[in-house]
Amino acid sequence: MPDELVFMMGNFAARFPADRRYTLNHMWLRAEGGSLRFGLSAYALRLLREVYFLEWSVDAGATVRQKDEIGAVESAKAVAALYAPADGMIARFNAAALADPSAINKDGYGAGWLFEMTARANDAMEPVDYLRYLETSWTRAQALLKGQAAQ
Amino acid sequence: MSLLTVVLFQSSDREPRRCALEEGILAALAQESDIVVTAMPPLYDLADTDAALASLRAHAGPLAALAWLYPRAIHWTLHQRGIKGRFGETQLDRGMKPAAPENAADTPARTIWSLALRDDDTVAMHVAELQRILRDLRATTPASAPASAITHYALRITPPPPRWYPVIDFARCNHCMECIDFCLFGVYGVDDDARLIVESPDNCKPGCPACSRVCPQNAILFPMHRAPSIAGAPGAGPDARKLDLSELFGAPAAAQLAADERAAALARSDKPAKPKDDLDKLMDALDDAKL
């Protein structure tokens, strides 16, 4: 299996390391200690472009359910609410990324991780399945981008 | 003569770090000339009959309001409670610059600056911003400016009980009345000019933000809701110039969520109401009801 998979977003090659799994809301996850560590996938970051603001609306230790709104990001071009990727407990947030969200852009798969959860994430996808999902998601994303930009 | 009246609305939880920030700001501003400063109980929870609000309504001059809410929520909560003015631009947006609300037709000419207090804030940053506002006022205010009508209030040890009701952003609301149709609890009404009003705020079901999700203009705020977009965070709204990608990041269909929340609130309201003084407990109850 290759180290990473590539999905072409127009001319942009979004890269997805094969050492982790991915969620429907475009986060990556991998085991870290006894928890799961989550961050934004290259697909999410390309749609947002440079993230410069990050905010959490729940505290570390909070129990959340999948799809609960837990925070928000803002970039020069876009805003987006962030939703819990799984049922579980948010163990901690990445204080460095919160203090300086540019870490998310620079190293989204490493130092720019977002939070750690005690969770199962049974429905997380293997990279190859995530790429298949992106093929359908990309059409919808382009329609949304064009629709909103035209307003 | 005072040029600027500063009102600091206390936090409802009386958390020690928040209290320390409040007291630090009050102490620093007490040294300033041309500023009258006073503390008041939490803006959102204040009863409509509270003397503190009456004193604010009587004050016609420039006003800076500091509270533990988003600036938009501060501005429109004041507006809804009869304390109206033009939206004053501040430099404390920390990367999330709010679109300056257009002024509603019934807005008087004075300016209200809304400063959001946050946990990581310092006394210095708020004092510096208020000094900046004061400098601008000194440059533009005629010598005949009215004196402050504000009465001083001591910090209250016991904050008022928490409330829960919608706040309308009249820079966005186009009086489409979707919320009146949607709400089952008679919270909304219309005034003599057929304009939307929050007629019976305390009919609202604690924790339920459902009407804000069905509002086509994103004009309904619940300032104490934990979701930033509902609590009045800048950026979320049809007039925002930025793309809203929330749907791509897993936002549930708003209409379905709203229907579920309304059903849960209705189910709860059939049970005898127990007084609760902790908003978190109410949030937990809402969560449990959804399971």
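As a basis for the values below, the full set of heavy atoms in this structure was taken, side chains included, without hydrogen atoms, waters or symmetry mates. Just so it is clear, the model here is predicted, and its values are computed rather than measured.
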Asks: Measure distances from A:Leu48 to the heavy atoms of chain B and classify the residue's part below 4.5 Å as side chain, backbone, both or neither.
Replies: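 Both the backbone and the side chain of A:Leu48 come within 4.5 Å of chain B.
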Asks: Does A:Leu40 reach the side chain of B:Phe249, with side-chain heavy atoms less than 4.5 Å apart?
Replies: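 Of all side-chain heavy-atom pairs linking B:Phe249 with A:Leu40, at least one is under 4.5 Å.
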Asks: Would you find more than 12 non-hydrogen atoms of other residues, nucleotides or ligands less than 6.0 Å from B:Asp120 atom CG?
Replies: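 Counting neighbours around CG of B:Asp120, 12 or fewer heavy atoms of other residues, nucleotides or ligands fall under 6.0 Å, so no.
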Asks: Tell me, yes or no, whether the heavy-atom count around A:Arg120 atom CZ, taken from other residues, nucleotides or ligands under 6.0 Å, exceeds 12.
Replies: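 No.
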Asks: Checking the side chain of B:Ser246 only, and the main-chain atoms of A:Ala81 only, is there a donor and an acceptor separated by less than 3.5 Å?
Replies: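 Looks like yes, one N/O pair under 3.5 Å.
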Asks: Could you tell me if the side chain of B:Arg118 sits less than 4.5 Å from the side chain of A:Glu55, heavy atoms only?
Replies: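 Touching, per the 4.5 Å side-chain cut-off.
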Asks: With rounding to the nearest 0.5 angstrom, report the CG to CG distance, A:Leu24 to B:Leu248.
Replies: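 Answer rounded to 0.5 Å: 12.5 Å.
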Asks: Taking every non-hydrogen pair under 4.5 Å, which of A:Ala84, A:Ala80, A:Gly71 racks up the most with chain B?
Replies: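 Highest number of pairs under 4.5 Å: A:Ala80.
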Asks: Taking all atoms of both residues into account, what is the closest heavy-atom pair of B:Leu245 and A:Ala78, and its distance?
Replies: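 In this case the closest contact between B:Leu245 and A:Ala78 is CD1-CB, 3.7 Å.
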